[in-house]
K.L.:
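Below you will find the structure I want to go over with you.
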Amino acid sequence: MILPVVPPPDPFPGTPEVVIEGFTYLEPLVTSRAVVQPAPGVEWIVYQDYHVDLKVNGTPQQLIVPANAATDFSSVPAIFQSILPKIGAHSEASVIHDWLYEAWKYHRPAPRREDQYFADLVLLAGMRAAGVDPVLCRLAYRACREFGWQLFST
């Protein structure tokens with residue numbers, strides 16, 4: 001992945017208790033196929049900064065996925081892609097989630113469980129805001145909670 005010259009602001013609230021409300025997509029997501037694959041299975045990059053507004057514990061916040069951030073959209077095992085494909089109504093939420101799974105590396109030497117929890121809650125809120133079926137939202141969220149730590153902490 002091409003890293004930003006200036007580190008992005010720390011997006012994580014740093015508290016174990018998190019309530020996310022008012023999730024709003026601010027512009028269309030623009031991606032491009034990566035000329036060089038930045039990591040195995042990662043074939044896309046965010047072409048321009050991507051912004052969303054939300055409230056975290058009642059405080060307005062803007063999340064910015066920087067241009068050149070790498071994404072695979074959704075890390076869904078092939079066996080489950082008939083239920084939740086890699087690309088769909090959940091794509092924007094997945095790209096934000098991918099970025100949050102990388103963003104901790106700019107701000108601390110080791111991953112924190114509360115940061116992964118926040119990223120997973122953002123995925124859930126983003127999927128809901130995009131009108132994804134509530135059952136699929138919960139399934140994706142539970143899968144991230146159960147299996148995401150391995151991806152988050154690498």
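Bear in mind that the values here come from a model prediction, so they are computed numbers and not experimental data. Along the sequence shown, residues carry numbers from 1.
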K.L.:
Which atoms form the tightest heavy-atom contact between T31 and W44, and what is the distance?
P.N.:
OG1-CE3, 3.8 Å

K.L.:
Looking at residues at least two apart in the chain, or sitting in another chain, which of them share a salt bridge (Lys or Arg N to Asp or Glu O under 4.0 Å) with D120?
P.N.:
R145

K.L.:
Quick one: CZ on R113 to OH on Y117, what's the gap to the nearest 0.5 Å?
P.N.:
13.5 Å

K.L.:
Of the non-hydrogen atoms in V18 and P13, which two are nearest, and what is the gap between them?
P.N.:
CG2-CG, 3.9 Å

K.L.:
Is there side-chain contact between V46 and N68, with heavy atoms separated by less than 4.5 Å?
P.N.:
no

K.L.:
For residues 17-29, pull every pair meeting side-chain hydrogen bond (donor to acceptor under 3.5 Å, both in side chains), keeping only residues two or more places apart or in separate chains.
P.N.:
E27-H51

K.L.:
Quick check: does any side chain N or O of S94 sit under 3.5 Å from a backbone N or O of H90, one acting as donor and the other as acceptor?
P.N.:
yes

K.L.:
Scan residues 131-144 for pairs that pass salt bridge (charged side-chain N to carboxylate O under 4.0 Å, His left out), counting only residues two or more places apart or in two chains.
P.N.:
R142-E146

K.L.:
Only one of L26, D53, V52, V56 clears side chain to side chain contact (heavy atoms under 4.5 Å, CB included) with L63; which?
P.N.:
V52

K.L.:
Using modelled atom types and a 3.5 Å cut-off, is there a donor and acceptor pairing between side-chain atoms of D49 and backbone atoms of A67?
P.N.:
yes

K.L.:
Out of curiosity, L121 CG to C144 SG, how far, rounded to the nearest 0.5 Å?
P.N.:
10.5 Å

K.L.:
Just by modelled atom types, is the A110 backbone N or O under 3.5 Å from a matching donor or acceptor in the K105 side chain?
P.N.:
no

K.L.:
Mind checking whether F12 and W104 have ring centres under 6.0 Å apart?
P.N.:
no

K.L.:
Side chains of E92 and Y50: do they bring a donor and an acceptor to under 3.5 Å?
P.N.:
no

K.L.:
Under 30°, 30 to 60°, or over 60°: which ring-plane class applies to Y106 and W99, parallel, tilted or perpendicular?
P.N.:
tilted

K.L.:
Do L29 and V95 pass the side chain to side chain contact (heavy atoms under 4.5 Å, CB included) test, and can you show the C-alpha distance, the side-chain angles, and the key distance before you say yes or no?
P.N.:
CA-CA 9 Å; L29 173 66; V95 169; 3.7 Å; yes

